[in-house]
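Working notes for the structure below.
Keep in mind the model is a prediction, meaning the values are calculated, not measured. Worth knowing before you read on, the calculation uses all heavy atoms, side chains too, and leaves out hydrogens, waters and symmetry mates.
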Amino acid sequence: MVAEGLNRARKVVRWTLNGTLILVWFLVAVTTAAALGLGILTWPRALLAVAGLVAFSVFFFRITGAVLAHRYPVRDVVAAGALSLGVTIAGGSQMTGWGFVPLAWLSLAAIGVPRRVAVLLGAGTAVVVAPFGVLGALAGTDPSISLDTTTTAGGVVGVIVYYLVMCSLFPWTNRLWVWIYRLAEEAHAGREAQARLAVAEERLRFARDLHDLVGHQLSAIAVKSELAVRLTGADADAARDEMAEVRGLARTALRELRETVRGYRRLDLDAELTTVRGVLEAAGVTCRLHLPHREVPEEVAPVFAWVVREAATNVLRHSSASRCDITVRHSDEEAVLEVRNDGAAHRAEDVGSGLAGLGERMAAVGGTLEARPTGSGEFVLRAVAPLPVEVGA
């Protein structure tokens, strides 16, 4: 679900960036039609400018893809900048038409560069493009502005101010959208890292338990076995005693190993709830626990602990949740665990294959497991177990 949301955000940002190019084509079409109708633009120049705009559009799409892939294609940016200036001159440098092409270029060229460079790009674009806008206005090739002897100075100032303002704003328009998208990427990477960290911590905990509880016994077995080998020829009775101790140590190690594995497989519900809340809140998900005053019956508590663990893993890996509520309640007839988050997946299969294993665990105690999105944009995982649990259920 998180990856799907990130893909949607990528598409939205891509369409937003390319929307600038769509606006360019619209303005160019309107002003070119007006200029052709007034006879201030010839068809050969219009066709040349359109051909240049087609080539500029190809570079525009390539730069958009590179920006979303965290690359800055310098050659494409330079080529697109030269094309934007060329089509502006060929089209007559209308402020709201062909003169808008360099502004569209600026909106992309300023993405992925430091702020100072973005400011310099904006200033440089204004310095280069504004004179052509002034010349177009003076030559009468811009249908959006008409100058005469009484308004020439004011019109020139207006053209310059227009480009100064636009070149001050355009470096930041698309930068904002890309910045928001990259924040979403970082959040997605953080959730994945948090989920991997939770798995790694659990593995370390299990390895530490094995080392602490079984490692000592195995080391003693190795020492006793070596001693028994050395005593075999010299003192058979002593060797026999040492092997008897080895047998006792081996049984102790086996018992402790079984206890360790049993403790690992039999989770503690309270400890798991505390751990899950800490992991979720570290990942930016607000986690609220709604627990009963009485302890959950020990027949179902370990199973509920597994459900909580799997549910939290699914929230981290397969949803875009910002809130998660975990509710536990029980009566004399049944115990209920409900995990509800606001990052609904489209299908229950989207939240991982671990649900099948949880269903088997719940079936082993005669219970049921249900996982589904709600109509309000939430996802609910609900486990119900009958009480008391029948032996062999």
Side-chain angles (χ1 to χ4, degrees), residues 16-17 19-42 45-46 48-50 52-53 55-57 59-60 63 77-177:
T16 301
L17 299 182
T20 307
L21 184 62
I22 296 174
L23 178 61
V24 167
W25 276 97
F26 173 76
L27 294 176
V28 163
V30 172
T31 56
T32 300
L36 289 172
L38 295 173
I40 58 179
L41 180 65
T42 62
R45 287 186 62 183
L48 177 63
V50 169
L53 184 57
F56 172 80
S57 300
F59 281 104
F60 194 96
I63 296 171
V77 171
V78 173
L83 280 170
S84 69
L85 183 60
V87 298
T88 297
I89 298 172
S93 303
Q94 302 99 334
M95 289 190 302
T96 56
W98 294 102
F100 203 81
V101 179
L103 300 179
W105 170 83
L106 177 61
S107 70
L108 276 189
I111 299 175
V113 298
R115 294 181 182 178
R116 184 175 63 179
V117 176
V119 172
L120 292 176
L121 284 173
T125 302
V127 170
V128 173
V129 178
F132 290 103
V134 171
L135 291 175
L138 293 174
T141 59
D142 190 345
S144 64
I145 184 171
S146 177
L147 302 181
D148 53 36
T149 55
T150 61
T151 62
T152 299
V156 170
V157 172
V159 173
I160 295 175
V161 170
Y162 167 81
Y163 278 108
L164 286 176
V165 172
M166 299 299 282
C167 290
S168 299
L169 296 177
F170 266 66
W172 316 108
T173 52
N174 287 332
R175 278 174 67 102
L176 175 63
W177 286 100

Atom of Leu41, atom of Ala46 and distance for their closest heavy-atom approach: CD2-CB, 4.0 Å
Restricting to non-hydrogen atoms, name the atom on Gly99 and the atom on Val129 that form the minimum distance, rounded to 0.1 Å. O-CG1, 4.4 Å
Which atom pair, heavy atoms only, marks the closest approach of Ala126 to Pro131? O-CD, 4.1 Å
Quick one: closest heavy-atom pair of Ala90 and Ala49, and the distance? CB-CB, 4.0 Å
Tell me if a side-chain donor or acceptor on Thr88 pairs with a main-chain N or O of Trp98 at a distance below 3.5 Å. yes
Of the options Asn174, Leu106, Leu103, which is the one that meets Thr20 in a side chain to side chain contact (heavy atoms under 4.5 Å, CB included)? Asn174
Nearest-0.5 Å distance, OG of residue Ser57 to CG of residue Leu83: 9.5 Å
Kindly indicate whether the side chain of Arg175, heavy atoms from C-beta on, has any atom under 4.5 Å from the side chain of Val113. yes
Which heavy-atom pair separates Trp172 from Ala118 by the least distance, and what is that distance? CH2-CB, 3.9 Å
Got a second to check how far Phe59's CZ is from Leu108's CG, nearest 0.5 Å? 13.0 Å
Leu27 versus Thr96, closest heavy-atom pair with distance: CB-O, 3.2 Å
Quick one: pull up CE in Met166 and OG1 in Thr125 and give me the separation to the nearest 0.5 Å. 12.0 Å
About how many Å separate OG1 of Thr173 and CD1 of Ile111, when rounded to the nearest 0.5 Å? 7.5 Å
Rounded to the nearest 0.5 Å, how far does CZ of Phe56 lie from CG of Leu85? 11.5 Å
CH2 of Trp177 to OG of Ser107, rounded to nearest 0.5 Å, is 13.5 Å
Going by the ring pair (Phe, Tyr, Trp, His ring centres under 6.0 Å) test, which pairs reach into residues 100-129, not counting sequence neighbours? Phe100-Phe170
Are the side chain of Tyr162 and the backbone N or O of Met95 linked by a donor-acceptor pair below 3.5 Å? yes
